[in-house]
Asker: 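Starting off with a structure, shown below.
This one's a predicted model, so the numbers in the text were calculated from it and none came from an experiment. Sequence lines set the chain letters: A, B, ... in the order given, protein chains first and strands last, and positions in each chain run from 1.
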Number of protein chains: 2
Amino acid sequence: MTALPSVVAAPTAPQVLDRCRELVHPALKETVGRLHPWLGEMAAYSFGWCEVGGTPVVAPGGKGVRQALAVLGAEAAGAPARAGIAAAVAVELVHTFSLLHDDIMDGDETRRRRRTVWKAYGTGPAVLAGDALFALAVETLATAPGGAGGLRLLSTALGDLVHGQADDLLFAARPWRGPERVRPDEYRAMAEGKTGALLGCSAALGAVLGGAPPATVAALDRAGRHMGIAFQLVDDVLGIWGDPAVTGKPVHGDLRERKKTFPVLTALSAPGARHLATLLESDVEPAVTAGLIEEAGGRTATLAEARRHIAAVETALAGVPLEAGPADELRSLLEFLVHRAL
Amino acid sequence: MTALPSVVAAPTAPQVLDRCRELVHPALKETVGRLHPWLGEMAAYSFGWCEVGGTPVVAPGGKGVRQALAVLGAEAAGAPARAGIAAAVAVELVHTFSLLHDDIMDGDETRRRRRTVWKAYGTGPAVLAGDALFALAVETLATAPGGAGGLRLLSTALGDLVHGQADDLLFAARPWRGPERVRPDEYRAMAEGKTGALLGCSAALGAVLGGAPPATVAALDRAGRHMGIAFQLVDDVLGIWGDPAVTGKPVHGDLRERKKTFPVLTALSAPGARHLATLLESDVEPAVTAGLIEEAGGRTATLAEARRHIAAVETALAGVPLEAGPADELRSLLEFLVHRAL
């Protein structure tokens, strides 16, 4: 008789996301069900569970990366998946709150091919629904066994999230050149706050509820933050050079919207960037600008920076004792989030 | 030699408010100072500390009832005033967050004779500044010694606050008569959520940080909730029959805005209310409507209901052991909040 091969393929990221989504869904649904019915409908609409008016539907929700990180954080700490459920619910609520409010601030009218909540229900109701989700996230952790300790982590992440969003809003009004221009390191700090803080908090909160020691919690927080920055950098590359058929976004969309993304800001720091700055201030065809940004090294530098943050995720994960299976699943999530452009 | 009289007059409510405001101010200022500078300016503007642009100024802030309740809650539990400071800071931050967001939802353009934050800085920035204050309140309690236990109380109050605001927004769209009309008991529940929950939480949180036993915490929470309902009812009476020179509000303002307040809703429940409902649906002079509401017993019933809640405050306070001095100061705050119309 031949022995079976001892190496079992690790689950793919979509499998990991599906498993965690199915595990967390009942608790998330029950928690949202405790909201005021009107606010609960807006929340359900944004999760893709219903149409305006409340008719049930299956619309695309988010990928559920944050809930997966929370579940894997608990498992990586040696706890059963269910230990991370309260953390998973809390971070999905926070994520949805931030989408609702960000869409108001950014004036975005569609998300996942549907009207945004403020567009469908009005600005005031969308503000209130966001507040309700925020409050519910705090309550979920405050009443979870062992969750009180996680509230410090969550409140730090919330503060960073708001700080990052403030910077992002202010960047839009700053010039492309001169002493007031946005520097790449300011952009990186913004991306860590706006995207990394909640990813880090997700994994760390799961670990806290799973009873992990402080060093493990801190390492998972760090890993998630680097993952968030890497994801944002890759997203920036795709926002300029991505294939619209794959990304679902318009070609050169970020350039048309004059977004201050990392490739542009790095290119502007290169010698001879004056011409690029002039073009950015004018109405020139984005394809021309994209070419100049690439020539100035903006694309290469952004991908190199993304690789540095991906390596930092690995360093953080390798520095503490973690259960091998869940740690590998964390790695496949990271790969899934960033492989698109590398 | 004659002995000095042993009875010293209790401080008046303005003295209590001043003492607590001075005690809490340095911590509140330091906490707000940790915000992103742009968000911190919006917060300082709404506290009355600066003008748009950041120039320091002394503009009227709020009365500071919530911070005073938190300090008195700690003192009533036998702790020093300083034990309640973190609670006081947290509830003032939550109160300001809710004002910022409510002004957006209600479209109010002025508050305390200045432009509201959304009017002065824009809707998006005001949403974000509110979020930042909310996050800061959670962080303040999460990092305060003994504050973790208070986060459950705070999150319940936040949930009730949002629920009350949702009901208030929905009441506006409901009819004056028929099965869909707003019933007085629905209004009372809305007022408890929107006004009472945070007042109750303020006193209770102070007590929690002051080390009070659960029965004392619950009694102070109850007392604050009834105080909030009584305050709202008195405010409703003043909104229809108050002297504009005293209230600073336009005469019959609530009737002109067609607000569904307790006096109107009670009057509509009286026999023969059909005529009143017809008037409310038409463009008749508010003075006529005010007369009819009074004739139908709306004013008397509202004041009687307010007195019931004032009595309930006393019942709550008398049912647990409290330090006599702070308990009397709590009573003078209540008197101050409701004496205007009784």
Asker: In terms of heavy-atom pairs under 4.5 Å with chain B, which of D131(A), V138(A), I104(A), L158(A) leads?
Answerer: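 Among the listed options, the one with the most contacts to chain B is D131(A).
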Asker: What do the steps show when you test H25(A) against W49(A) for ring pair (Phe, Tyr, Trp, His ring centres under 6.0 Å), and what is the final call?
Answerer: CA-CA 11 Å; H25(A) 185 77; W49(A) 303 340; 5.2 Å; yes
Asker: Quick one: of R152(A), M105(A), H36(A), who has the most non-hydrogen atom pairs under 4.5 Å with chain B?
Answerer: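 Between R152(A), M105(A), H36(A), the count favours H36(A).
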Asker: Could you tell me whether R188(B) and E192(B) have a side-chain N and a carboxylate O separated by less than 4.0 Å?
Answerer: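 So R188(B) does not pair with E192(B) through a salt bridge.
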Asker: Considering only heavy atoms and a distance below 4.5 Å, find which of A126(B), A135(B), A137(B) pairs most often with chain A.
Answerer: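 Max contact count across the listed options: A135(B).
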Asker: Counting only non-hydrogen atoms closer than 4.5 Å, does L151(B) touch chain A with its backbone (N, CA, C, O), its side chain (CB onward), both, or neither?
Answerer: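 It is both, since atoms from each part get that close.
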Asker: Does the distance from a Lys or Arg side-chain N to an Asp or Glu carboxylate O, for R181(B) and E186(B), drop under 4.0 Å?
Answerer: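 Judged by the 4.0 Å cut-off on N to carboxylate O distance, R181(B) and E186(B) do not form a salt bridge.
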Asker: Non-hydrogen atoms of chain B under 4.5 Å away: do they reach the side chain of D167(A), the backbone, both or neither?
Answerer: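 Looking at D167(A), backbone and side chain both touch chain B.
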Asker: Is the ring pair H101(A)/F97(A) parallel, tilted or perpendicular, if the boundaries are 30 and 60 degrees?
Answerer: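 Judged by the thresholds at 30° and 60°, the geometry between H101(A) and F97(A) is perpendicular.
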Asker: Looking at R115(B), K119(B), R114(B), which hits salt bridge (Lys or Arg N to Asp or Glu O under 4.0 Å) with E109(B)?
Answerer: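 So the option named by the test is K119(B).
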Asker: Does any backbone or side-chain atom of L128(A) lie under 4.5 Å from a heavy atom of chain B? Answer side chain, backbone, both or neither.
Answerer: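 Both backbone and side chain.
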